[in-house]
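Letters A, B, ... are given to chains in the order of the sequence lines, protein chains preceding strands, and every chain is numbered from 1.
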2 protein chains.
Amino acid sequence: MREREPLSRERVLVVAVGLADADGIAKLTMRRLAAELGVEAMSLYYHLPGKTGLLDGLLETVLAEVVAATRAVPLAGDWRVTLRGWFLAAREVMLRHPWAPGLLGPGRAIPPSVFAYYELILASLIEAGFSYRIAHRALHAFGSMPLGFVQETFGPAADGDLDEQQLAAMAETMPHVAAMVAAELHDAADPTLGWCDSGVEFAFTLDLLFDSLERYR
Amino acid sequence: MREREPLSRERVLVVAVGLADADGIAKLTMRRLAAELGVEAMSLYYHLPGKTGLLDGLLETVLAEVVAATRAVPLAGDWRVTLRGWFLAAREVMLRHPWAPGLLGPGRAIPPSVFAYYELILASLIEAGFSYRIAHRALHAFGSMPLGFVQETFGPAADGDLDEQQLAAMAETMPHVAAMVAAELHDAADPTLGWCDSGVEFAFTLDLLFDSLERYR
DNA sequence: ACCTGAACACCGTTCAAGT
DNA sequence: ACCTGAACACCGTTCAAGT
């Protein structure tokens, strides 16, 4: 990729996000990123404070995308409908950048804009009649769901390819797991793929939390 | 550290867990691990299939610790009490290995023993009277909480050091956040530290999920 | 102000070789 | 069977130097 416009922090970050989306975050090195920009690796250090600064910038870029997507969602009368809409919009962004949740965590700086975003969520809780105490606990309970980040324990590969034979073997040592898989496979329209629709589960989990919180209002 | 007993996969993993606990997972390299074992880096390859295999083994070791801790928790009459006890026990293990949640995720193999552990959880849900459908959704909703893994959006540093001046500045652009912090600081016994007790929040979130699920039983 | 070349200290990993 | 030495391809980063 030959590029002719001059470098800038923003342009570096946009290209870096694209590279991470395409090949994964592990393949994103200073040298490869520089090559993609038609430049030497050391040039990046003029615009970014090293690899850590690059990763901070990537998180910042994705979270800005989350905030923008959230602002595009209209307010609803019910606080639950509003928040569900916001969080699902965030999840749509996350699906385009599956490497982003891994960046969240200790050692990574949270961009200041995110606090304004949490102000928005908090405001809608307070306006809905919650105390600061419960609103605070709600934020903890939501965890990273407002940012669209989910921690799935098992990847899609875990349940993707199960045939009759494996199911039978499972039935002996893990009867309940086997029965659950069998029951869900029977119900699903497509028996081999996607019986764990994580979007549906994401919304369902939100509603579980919302419904319990509603009683604290 | 001079070590004299012969190498083995298990001994390598035990020392690796200790190294990760002490210095973080980023500092855990094949060369440093080998040095800690009093051996050359290449020797590790006889016992483990490379760095990826090492990380798989680390996750395996931690999850085995979770399963062991869970089995030590006695069953209760109420399904909610049982599961809460199990998940909190898992969280205790996680606190000793804060790098472990970062290992969970795409690309990492889930050790087979974990499926037997989920069988346990699923069994207690079914016995409590849930359908397979709802039990399945419950497992999704719990996410990685059964393994004690939490995705905290903001690290402890984010709210650790806020003085009066910063609070006042926050009040203008983020009135609700500032009011919440002020209210919670007033209530807390120690005003500067630990006003976000993540153990309490972990249990609270579990109860929110449990209480909503109870209505589907 | 912006970019580069050469060099340094570190990775994970291979492969043939030692005992 | 178990461990090693040398070598390779790759990192992030420094520093003085170019324009």
Student: With the threshold set at under 4.0 Å for non-hydrogen atoms, list the residues of residues 44-60 of chain A touching DNA chain D in residue-number order.
Tutor: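 When residues 44-60 of chain A is checked for heavy atoms under 4.0 Å from DNA chain D, the hits, listed by number, are A:Tyr45, A:Gly50, A:Lys51.
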Student: How does DNA chain C look in dot-bracket notation if pairs are Watson-Crick or G-U with both distances under 3.5 Å, crossing ones as [ ], other-strand ones as |?
Tutor: ||.|||||...|||||.||
Student: If you apply the rule side chain to side chain donor-acceptor pair (under 3.5 Å), what do you find for A:Arg137 with B:Thr205, and how did you get there?
Tutor: CA-CA 8 Å; A:Arg137 314 205 91 172; B:Thr205 304; over 6 Å; no
Student: Determine whether the aromatic ring centres of residues B:Phe202 and B:Phe87 are separated by less than 6.0 angstrom.
Tutor: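 No, too far apart.
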Student: Verify, without hydrogens or angle tests, whether A:Tyr117 (side chain) and A:Leu63 (backbone) share a donor-acceptor contact under 3.5 angstrom.
Tutor: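 A pair under 3.5 Å: no.
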Student: For the pair B:Glu36 and B:Arg31, find out whether any cationic side-chain nitrogen is under 4.0 Å from an anionic carboxylate oxygen.
Tutor: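 B:Arg31 and B:Glu36: not salt-bridged.
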Student: Can A:Glu60 and A:Arg9 be counted as an ion pair, charged N to O under 4.0 angstrom?
Tutor: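 Salt bridge: yes.
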Student: Indicate the ring-plane relationship of B:Tyr132 and A:His176, choosing parallel, tilted or perpendicular according to the 30° and 60° boundaries.
Tutor: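 If you compare the ring of B:Tyr132 with that of A:His176, the planes turn out tilted.
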Student: Should we count CZ of A:Arg96 as having more than 12 external heavy atoms under 6.0 Å?
Tutor: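 Yes.
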Student: Could you give the CG-to-P distance, from A:Leu28 to D:dC10, as a whole number of Å?
Tutor: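 So the CG-P distance, A:Leu28 to D:dC10, works out to 16 Å.
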Student: In whole Å, what is the span from the CD atom of B:Glu40 to the C1' atom of D:dT4?
Tutor: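 Taking CD of B:Glu40 and C1' of D:dT4, I get 6 Å after rounding.
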Student: Ignoring the backbone of A:Arg31, work out which of C:dG12, D:dT4, D:dT13 is nearest its side chain.
Tutor: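 The answer is D:dT13.
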Student: OP1, OP2 of D:dC11 versus side-chain N and O of A:Thr29: anything below 4.0 Å?
Tutor: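 Answer is yes, contact under 4.0 Å.
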Student: Taking the side chain of B:Ser43 as its heavy atoms from C-beta onward, which of D:dT4, D:dT14, D:dG12 lies nearest to it?
Tutor: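 Out of D:dT4, D:dT14, D:dG12, the nucleotide with an atom closest to B:Ser43's side chain is D:dT4.
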Student: For nucleotides 17-19 of chain C, list the nitrogen or oxygen atoms of the protein found under 3.5 Å from its nitrogen or oxygen atoms, one pair per line.
Tutor:
none

Student: May I have the distance from B:Met42 (atom CE) to C:dT13 (atom C1'), rounded to whole angstrom?
Tutor: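 Result: 8 Å.
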Student: Start with the C-alpha distance between A:His97 and A:Glu65, add both sets of side-chain angles, then the distance that settles side chain to side chain donor-acceptor pair (under 3.5 Å), and finish with yes or no.
Tutor: CA-CA 10 Å; A:His97 312 296; A:Glu65 201 178 333; 2.8 Å; yes
Student: Classify the nucleic acid contact of A:Met30 as base, sugar-phosphate or nothing, counting any heavy atom under 4.0 Å across all strands shown.
Tutor: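 The answer is sugar-phosphate, as A:Met30 gets under 4.0 Å only of primed atoms, P, OP1 or OP2.
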Student: Quick one, B:Arg91 with B:Ser198, criterion side chain to side chain donor-acceptor pair (under 3.5 Å). Give me CA distance, side-chain angles, the key distance, then yes/no.
Tutor: CA-CA 10 Å; B:Arg91 192 175 162 279; B:Ser198 60; 2.8 Å; yes
Student: Under the 3.5 angstrom rule, does the side chain of A:Thr153 hit a backbone N or O of B:Gly143 as a donor-acceptor pair?
Tutor: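 A pair under 3.5 Å: yes.
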Student: Take atom CG of B:Leu33 and atom P of C:dC10, then tell me their distance rounded to the nearest Å.
Tutor: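 B:Leu33 atom CG is separated from C:dC10 atom P by 17 Å.
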Student: Would you say A:Ser8's side chain and A:Arg11's backbone share a donor-acceptor pair under 3.5 angstrom?
Tutor: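 Checking the backbone N and O of A:Arg11 against the side chain of A:Ser8, a donor-acceptor pair under 3.5 Å is found.
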Student: May I have the distance from B:Arg11 (atom CZ) to D:dC2 (atom P), rounded to whole angstrom?
Tutor: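 Whole-Å distance recorded here is 14 Å.
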